[in-house]
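Notes follow once the structure below has been shown.
Below, chains carry the letters A, B, ... as their sequence lines are ordered, and counting in each starts from 1.
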Amino acid sequence: MLSYDQYLKNFDKCVSSYIPPYNSWTPADEALYKPKDLYRIPIKDAEELQLKSLKFAFNYHYEKNKFYHDFCKEHKVEPNDIKNISDLSKIPLIPDGFYKDYPHGKDFATWLGNIYTGELPKIVIPHTMPNYDQVIDAFSKAGVIVTYSSGTGGRHTFIPRDIRTFHSSEYALAKCVVSMIYPFWEYDSGGYILMPNPRKNFIYAGKALEIYMDAVKNIQVAIDRHINTETIRITMGIGKGIRSKFIRFASKRVSKKMIKDIVSWLEHNKNSTEKISMIGAPFILYFVMKKIQDLGLTFDIGERGAVVTGGGWKIHEQIRMTSSSFRKIVKEVLGIPEKFCLDAYGMVEGNGWMVQCPEGHYLHVPYSYFKPLVLDDEFNQVAYGETGRFAFLDAIAMSYPGFITTGDKVKLLEHCPVCDRPGPVLDPEVERVKGAETRGCAEEMRSMMTRDIGR
Amino acid sequence: MTFLREIKEREYLPNRTQIKLYSAGTFAVIKLFLKSPGDIKKLQQKEPLEKRYIRPPREYEIPKFNNDTKYCKSDEKYLRPTLWCNCRAPEVIALANQLGAYRVSDREFAEAAFHFVKEKMPLEILPLNPVEETFRRGTGTCFHLITAFIALCRAAGIKARYKMFAMNMIQAWVDSTVAVDPVVKKWYDSMGYFMLEGEGEAYVDGKWVVAHVGPKAERQAANGIPITKFGEDSIGVWFFPIPGTIMKMESIPYGLGALVKLAKLIAPGSMERVNVSIQNQIESGRKIIQEAGGLEAYDEMARSKVGPKKPKIEMEGKGEIVFGE
Ligand SMILES: [Zn+2]
């Protein structure tokens, strides 16, 4: 078997275009690109990387972002206050919802410009009354990738990333998955993206998978069309009208075809020796497996196959799956072992990817550049083992301050109860804080498709 | 022709956003009609109501109107009477005078009017009516209450206007106001764009200051929400407007009244249940405030749970962003 070092070397070579030149590395880059396995850094070394990278990031946003600078002044915290690892919790956190509170039209572009840290490139928006998609397109052409995910009622979270930040985020996701799934990954294999085409879309969970297209040779995409913010809004259940009826009509046909295509891809690969992986929204694979069962088929892909999911576990209006029951179905229907069926937890406003370990399926935190925090009802930090609101300090985010409180409810443990990786883990069942909105990229997709398939 | 001009100038006609919202809403309602006429029948039945709604007694006296009382006679925008909002009605003038019109500063008056409407006039869902009637009755929907606030301000010579938006509510709120009746919940779901909420705005010290007069303190307490102060926006805290739907208007537009009437016609039972629920909330909120040790203590506790304030963004124009070819 390939040694882990060689395995990761091969991977880094494959995605070298995502890694900035060594002589330009910041402490954040150091924390992300240098460690061979982000989940196996000895605690002392990781804390050093964490402190250095977060100090650097905090200083950077403090100096180069006006709204965050003012916010810190208001909280009376400045870079000099951050000296050791325990000071990190002084860094002012941006509340959940801030990145959702945006205006529309021209002001939306200006708003994006105002939350952006550092120098904006020149952005030309050809429209005088641009909609969200037109603004996103114009930013993208100028090298600022604006991704989003949405909550109920079509309120999106919009995050602008410069290319470097975006590449770091993608690299982080891929590296986290590749190391957890060792020794599964290899370039000469087949892959299926269970998400909209990342090259054509800006939905975050999908967009970040663009790197998958470079890390794996033969990639298929489940949804190959462009989905705009309007489509997502409509499928979230508002804005009923002829237009939305039409979109649903179209998506129903597309969905059925999509499921059929994935099933025949699996059929096609049945007797091959090539490895295959599927990455994306669990509910798409759920419908695929249901279809396979309806056809009276089963597959025995075995250790030749892997499944990586992300984006939430609501399969249907009434059905909420757990990741463990999902793994059992994958084992039963596709024959893929549980150790190669991993869930990843991340969000549009962060670049930390918590990926399950194959041994215990706990969500491991990449703690060299990403510090997880748990807050109680009154927004005070709580100890390991207690449940509360998830917040994080993210050193990778350069184009916006990544010190954020989320609306997710998690339980953070100091160590994994099952495996021997040294860093902190989250309990695999992440819920929404009561009163917050339901959200998740898979959620957006799920609504569109259950409506269409279910009728 | 002056009437037509008034319609246009004082913004009685729904604007584009509203027309879009209205038609989306109408579409949803018709669909619900066609899809499940059974539900409509259920809505029509008044029985069995677990508890009938009894309007609470008015919490204030209306002072006697005196012909010499000073009031604003300007025909300027935001100071003149508009639809449902006759700021020159005797009741309005008398109450404005009692609240200190022309004797205290604009800010003090607007604050007094805000507290009066917010805390002395509970919510009750019912069709729109002229503002003087609202004052005589002492209850109303948020639009009645905003109108009451606006009328008081205008009578005192302070410009005031409506801020309306389509919205999404937080779950705690949905559970208590909407989910009591499963049919209402269904309607709620199918009418995402249909529900308009609003706030008032008064022009004080050279700035438009927001007044969220809809919920009484007790009702906010029942939902674990801090007690809103004059100038505090509910938007972004527990109202999440659908982007692009915020409208600022001099008047309530035509059509809004008809909508509420239609709702009453279709679902009188549901409407009554909501009113009962509002009274229950006020009751339970009263206990919560008492247990917390009074209004201020409650507010402080609730505010600690809302969490830290969001950063403020001052929208600076960015030279790097260019619009148009
Ligand atoms: Zn583990």
| task | Taking all heavy atoms of B/C142 and all of B/L123, pick out the closest pair and write down the distance. | result | N-CD1, 3.5 Å
| note | Honestly, the part of A/F139 sitting under 4.5 Å from a heavy atom of chain B is side chain
| Can you say whether A/P92 sits under 4.5 Å from chain B via the side chain, the backbone, both, or neither, judging by heavy atoms? | neither
| field | Aromatic plane relationship, A/Y102 with A/Y132 - under 30° parallel, 30 to 60° tilted, over 60° perpendicular | value | perpendicular
| query | Of the backbone (N, CA, C, O) and the side chain (C-beta and beyond), which part of A/F67 lies under 4.5 Å from a heavy atom of chain B, both, or neither? | reply | both
| Pair A/T110, A/D107: side-chain N/O donor-acceptor within cut-off below 3.5 Å | no
| More than 12 heavy atoms of other residues, nucleotides or ligands under 6.0 Å from CD of B/E296: is that the case? | no
